[in-house]
Protein chains: 2
Amino acid sequence: MSDLLERLRGRGWRLTSQRRVVAEVLDGEHVHLTADEVHARAADRLPEISRATVYNTLGELVALGEVLEVATDGRARRYDPNAHRAHQHLVCSGCGAIRDVHPHGDPLAALPAAERFGFAVTAAEVTYRGLCPDCRP
Amino acid sequence: MSDLLERLRGRGWRLTSQRRVVAEVLDGEHVHLTADEVHARAADRLPEISRATVYNTLGELVALGEVLEVATDGRARRYDPNAHRAHQHLVCSGCGAIRDVHPHGDPLAALPAAERFGFAVTAAEVTYRGLCPDCRP
DNA sequence: TCCTAACTTGGACTTTGTCCAAGTCAACAC
DNA sequence: GTGTTGACTTGGACAAAGTCCAAGTTAGGA
C-alpha cells in the first residue's frame with residue numbers, strides 16, 4: 001500500500017496524515033469496510049480525523065480507480081482496495097460476510113449485442129448470494 | 001397484478017386499500033421504483049397513505065418473493081415486480097436509467113466449487129454498467 | 001352487526017452521506 | 001530555515017433513506 005501513496009503523490013496528491021491513515025486502514029485483501037468502519041479504525045490511530053475527510057478521501061480513491069465501491073446490499077457502501085485484480089463478490093444472506101471470488105469466463109461476454117440496447121457496456125458486477133458455513137442450517 | 005392480490009390473500013394477507021394501491025403502482029414490466037417513488041405514486045390515488053405503510057408493504061412483498069429488491073447504486077433500494085422471470089440489470093452510469101436484460105447461460109454456473117468456500121450459493125445478481133445512447137459522447 | 005387481531009398512521013429517531021465556512025498545513029520557492 | 005499559498009481538514013448543519021412505536025382504524029370472520 002505504500003506504493004499506493006507514492007503513486008498518488010505522483011498524481012499531485014498532497015500527502016497528509018489523514019490520507020495516509022485511511023490508506024493504511026484499507027490495506028490488505030478481502031477488506032470490505034463501510035465508510036464508518038474506515039472512520040472508526042482511522043480514528044484509533046488519529047483520533048481527531050473527521051468523517052468528512054474519510055468520505056472525501058474514499059471518494060478520491062474511488063475516482064482515481066484505486067479503490068472499488070461496492071453496493072452489496074441497500075445499506076452502506078463498502079470500499080474494496082483490491083481494485084487491480086478483477087473479482088466478484090460472494091455475500092452471506094445470513095450474516096452479511098463478504099468474500100472475493102473469481103468466476104471463470106468474462107461475465108460481460110454473456111450479454112448478447114441484442115440485449116445491450118445501444119448502451120456502451122463497460123463492466124459487469126456479479127454478486128453471488130447464499131449462506132456461509134456458519135449460517136447454514 | 002390482480003392475480004398477485006388474490007395470491008396474497010390466499011397466503012393470509014389482509015387486503016387493504018393501501019396494499020392494493022402499492023401493488024397497482026408496482027404493476028408492469030421494466031419498473032424499478034424507489035420506495036419514495038412508490039409512495040409518491042400511491043399517494044396520487046390514496047393521498048393519506050403513509051411512508052411507513054409503503055415500506056412495510058414493500059418489505060412484505062420482498063419477503064414473499066413477489067418483488068425483487070435491487071441495489072444498483074449505493075443510494076435508495078429499488079423494487080422490481082418482475083420477480084418471476086429471471087433477468088439481470090443494465091444500468092447507465094450517466095443518468096441511472098435501468099433496463100432488464102437477459103444474458104445467456106446461468107451466471108451461477110461460472111462459479112467453480114473451489115470458489116464457493118463452503119457457502120450454499122443460491123443466486124447470482126449481475127449488474128452491467130455502461131452509457132446509454134442518450135449519455136454516450 | 002360486533003369483535004379483535006392485523007393493519008395504518010404520524011412523528012420521532014437512526015444511519016448514511018453531503019455541504020460549507022473557517023482554520024490548518026504540505027510542499028514549493030527562496 | 002522561513003514564508004507563502006492553495007489544497008486539505010474540521011465540525012456542525014443539513015439531507016436522504018429507512019426504522020420503530022404507541023395510538024387509532026379496519027377487514028373479515030363469528
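Owing to the predicted nature of the structure, the values given are computational and were not obtained by experimental measurement. Protein chains get the first letters and strands the later ones, always in sequence-line order, with residue 1 at the start of each.
Checking A:Arg9 against B:Gly12, the closest nucleotide of DNA chain C that is more toward the 5' end is the one next to B:Gly12. Checking B:Arg75 against B:Glu48, the closest nucleotide of DNA chain C that is more toward the 5' end is the one next to B:Glu48.
The nearest whole Å value for the distance from the CG atom in B:Leu46 to the C1' atom in D:dT26 is 13 Å. One atom, CZ of A:Arg77, and another, C1' of C:dT18, lie 10 Å apart when rounded to the nearest Å. Computed from coordinates, the A:Leu58 CG to D:dT9 P distance equals 12 Å when rounded to whole Å. With rounding to whole Å, A:Trp13 atom CH2 is found 20 Å from C:dC28 atom C1'. The CG atom of A:Leu8 sits 15 Å away from the C1' atom of C:dA26 (whole-angstrom rounding). In this structure, the CZ atom of A:Arg20 is 9 Å from the P atom of C:dA26, given to the nearest Å. Note: CG (A:Leu61) to P (D:dC8) measures 12 Å, nearest angstrom. Following rounding to the nearest Å, A:Asn56 (CG) and C:dT24 (P) show an atom-to-atom distance of 18 Å.
Closest approach to the B:Ala52 side chain among D:dT9, C:dG10, C:dT8 is made by C:dG10 (side chain taken as heavy atoms from C-beta onward). The side chain of B:Tyr55 lies closest to D:dA17 when the candidates are D:dA27, C:dA27, D:dA17. Considering only side-chain atoms of A:Ala76, the nucleotide from C:dG17, D:dG18, C:dC7 that sits closest is C:dG17.
For C:dC25, the OP1/OP2 oxygens have no side-chain nitrogen or oxygen of A:Thr16 closer than 4.0 Å. Between B:Gln18 and the phosphate of C:dT9, there is a side-chain N or O to OP1/OP2 separation shorter than 4.0 Å. Under 4.0 angstrom from either OP1 or OP2 of D:dT9 there lies no side-chain N or O belonging to A:Ser50.
Within 3.5 Å, a donor on the side chain of B:Arg14 pairs with an acceptor on the base of C:dA6, or the reverse. One cannot find a donor-acceptor pair under 3.5 Å joining the base of D:dC8 and the side-chain atoms of A:Arg19. In the interface, the side chain of A:Arg51 is paired with the base of C:dG17 through a donor and an acceptor atom under 3.5 Å apart.
Side-chain atoms of A:Leu26 and A:Leu58, non-hydrogen and from C-beta on, do get closer than 4.5 Å to each other.
One N or O on the side chain of B:Arg116 and one on the backbone of B:Leu111 form a donor-acceptor pair closer than 3.5 Å. The backbone N or O of A:Ile98 lies less than 3.5 Å from no partner atom in the side chain of A:His30, so there is not a single donor-acceptor pair.
Side-chain atoms of B:Tyr79 and B:Glu69 form a donor-acceptor pair, as typed in the model, at a separation below 3.5 Å. Donor-acceptor pairing under 3.5 Å is recorded for the side chains of A:Glu66 and A:His84.
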